[in-house]
2 protein chains.
Amino acid sequence: MRQSTNPTHVSLATVLQIRGGGLQALLWQRGREPFLGAWSLPGGYLEEGETLEQSIKRHLAAKVDVREVAHLEQLVTLSDPDRHPGEWQIATAYLGLVPTGVDPKLPVDTAWHRVSRLPRLAFDHREITLAGRERLRAKLSYTNIGFALAPREFTISELRELYANALGHDVSATNLQRVLLRRGVIENTGERRASGRGGGRPAAVFRFRTPRLEVTDEFAVLRPPSSR
Amino acid sequence: MRQSTNPTHVSLATVLQIRGGGLQALLWQRGREPFLGAWSLPGGYLEEGETLEQSIKRHLAAKVDVREVAHLEQLVTLSDPDRHPGEWQIATAYLGLVPTGVDPKLPVDTAWHRVSRLPRLAFDHREITLAGRERLRAKLSYTNIGFALAPREFTISELRELYANALGHDVSATNLQRVLLRRGVIENTGERRASGRGGGRPAAVFRFRTPRLEVTDEFAVLRPPSSR
DNA sequence: GCAAAAGTGTTGTGTCTACACCCATGT
DNA sequence: ACATGGGTGTAGACACAACACTTTTGC
């Protein structure tokens, strides 16, 4: 045990979703100083007896139904003594992902904001949010993390749209389909989507094969020799 | 401000080095309960006014000269309330790398241990160490992180040996050289190493081009279209 | 000359992008 | 018929592993 003071510890989360044609983050308008009125990440103090992951889930429950968060992973722990004016506070940030289409009822002080046009954020929450976006973009390339952003079933062009919004650049439907099929990340459900007003061939309906994060591309240059 | 108790916060580090023909971790034998006599990671309490990174550097200084740690990055923050018997303690773990050849004078309670044959470790330090090794292995593939394990100058076969030890499998000198040269990670110094007793062609001497972590292989499947 | 060690040439494979082309539907 | 998307076929670029072969040294 130790005598001197200890820092307070908060859990925070950048909760991201593709909505309104872009990548958006769930933000919360502060009701007290410091940064009164500024936007900030949801989260709050760590309580005795809980883990950080339990803590962030508990705090998120006040904003969104936790079951709507399809993926949650730890991002980084921030410890600059000046990050909070007037309090010695450590923050552990998480990245949370909510599938497209889910539209949680939000408290009045909470709203979605485009990550590409963030308002002024309290504390170091801007860098956390941008770090979350980078993590997401990287993992879209070599894991099945798309499952946490996509609805349960979707057409390739819907998925293409989603990847393009998350990655911030255009994505080819042709190649997206082939990459994800070759890796066994998505599968054809056998169903088809009726064609729209202007006609066009009905689209096949796909789904992600597993609802848990998996590394699908080992990107292992310098891989083990072919044991022969 | 907040009334109730706060957790204590410690910084820890898995410090890894290739030595004695294998990947080894710097461990410290505990001098007090709990886990008296067991081996554990170096580290200690976070002090007011310092960041976690400053904290781990300060604690490491008691074990090794901090200038000998060529790379340091945050790994993970552990918060299981039961991880420390008798204290509510959060730990933020770092990964530190020390170049081959550096042989720090160690205090008597400190020693290197092969990661593949770890003794029983205190707390959750075993999983931290293994997580550190995994992080290192992954980054060897797509970054220049080898700079932090290699001496300043080296031949390709020395580097091959080093990569093989870190990765845990054989590595081809031929392909290692080509991959790292193609990516511009290493460069030829122009010098040559004299051949040994049994003869053999003198080896060219190489060095890493930058002493800071860089991502060298964007592994970006689904990369942006070729802007035309 | 011969062994030893370093380094290059070359081939084959797999994964990816790009783009041409074919398919199924509505009007 | 023809427009509108959806989907497949295919060629080229690239990075890599594997392995044969050449180079440079000591003895």
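Numbers restart at 1 for each chain; the letters A, B, ... are given by sequence-line order, proteins then strands.
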Taking [atom1] from [X] and [atom2] from [N], how many angstroms apart are they, rounded to a whole number?
{"X": "B:H169", "N": "D:dA17", "atom1": "NE2", "atom2": "C1'", "answer": "12 Å"}
{"X": "A:N188", "N": "D:dG6", "atom1": "CG", "atom2": "P", "answer": "14 Å"}
{"X": "A:L180", "N": "C:dT15", "atom1": "CG", "atom2": "C1'", "answer": "14 Å"}
{"X": "B:D217", "N": "C:dT15", "atom1": "CG", "atom2": "P", "answer": "15 Å"}
{"X": "A:L167", "N": "C:dT17", "atom1": "CG", "atom2": "C1'", "answer": "15 Å"}
{"X": "A:R193", "N": "D:dG7", "atom1": "CZ", "atom2": "C1'", "answer": "16 Å"}
{"X": "A:R197", "N": "D:dA3", "atom1": "CZ", "atom2": "P", "answer": "18 Å"}

Per-nucleotide protein contact string for nucleotides 2-9 of chain C (B base, S sugar-phosphate only, - none; heavy atom under 4.0 Å): --BBBSBB

Parallel, tilted or perpendicular: rings of B:H71 and B:F147 (30°, 60°): perpendicular

Salt bridge (charged side-chain N to carboxylate O under 4.0 Å, His left out) pairs, two or more places apart, involving residues 117-130 of chain B: B:R83-B:D124

Salt bridge (Lys or Arg N to Asp or Glu O under 4.0 Å) between B:R193 and B:E153, intermediate numbers included: CA-CA 10 Å; B:R193 191 67 57 84; B:E153 304 199 322; 5.9 Å; no

Donor on one side chain, acceptor on other, B:S141 and B:D217, under 3.5 Å: no

Donor-acceptor side-chain pairing of A:T14 and A:T129 below 3.5 angstrom: no

Touch class at under 4.0 angstrom, heavy-atom based, for A:R183 against every strand present: sugar-phosphate

B:R209 vs B:E214, salt bridge (Lys or Arg N to Asp or Glu O under 4.0 Å): CA-CA, chis, key distance, verdict: CA-CA 11 Å; B:R209 292 182 73 176; B:E214 287 180 342; over 6 Å; no

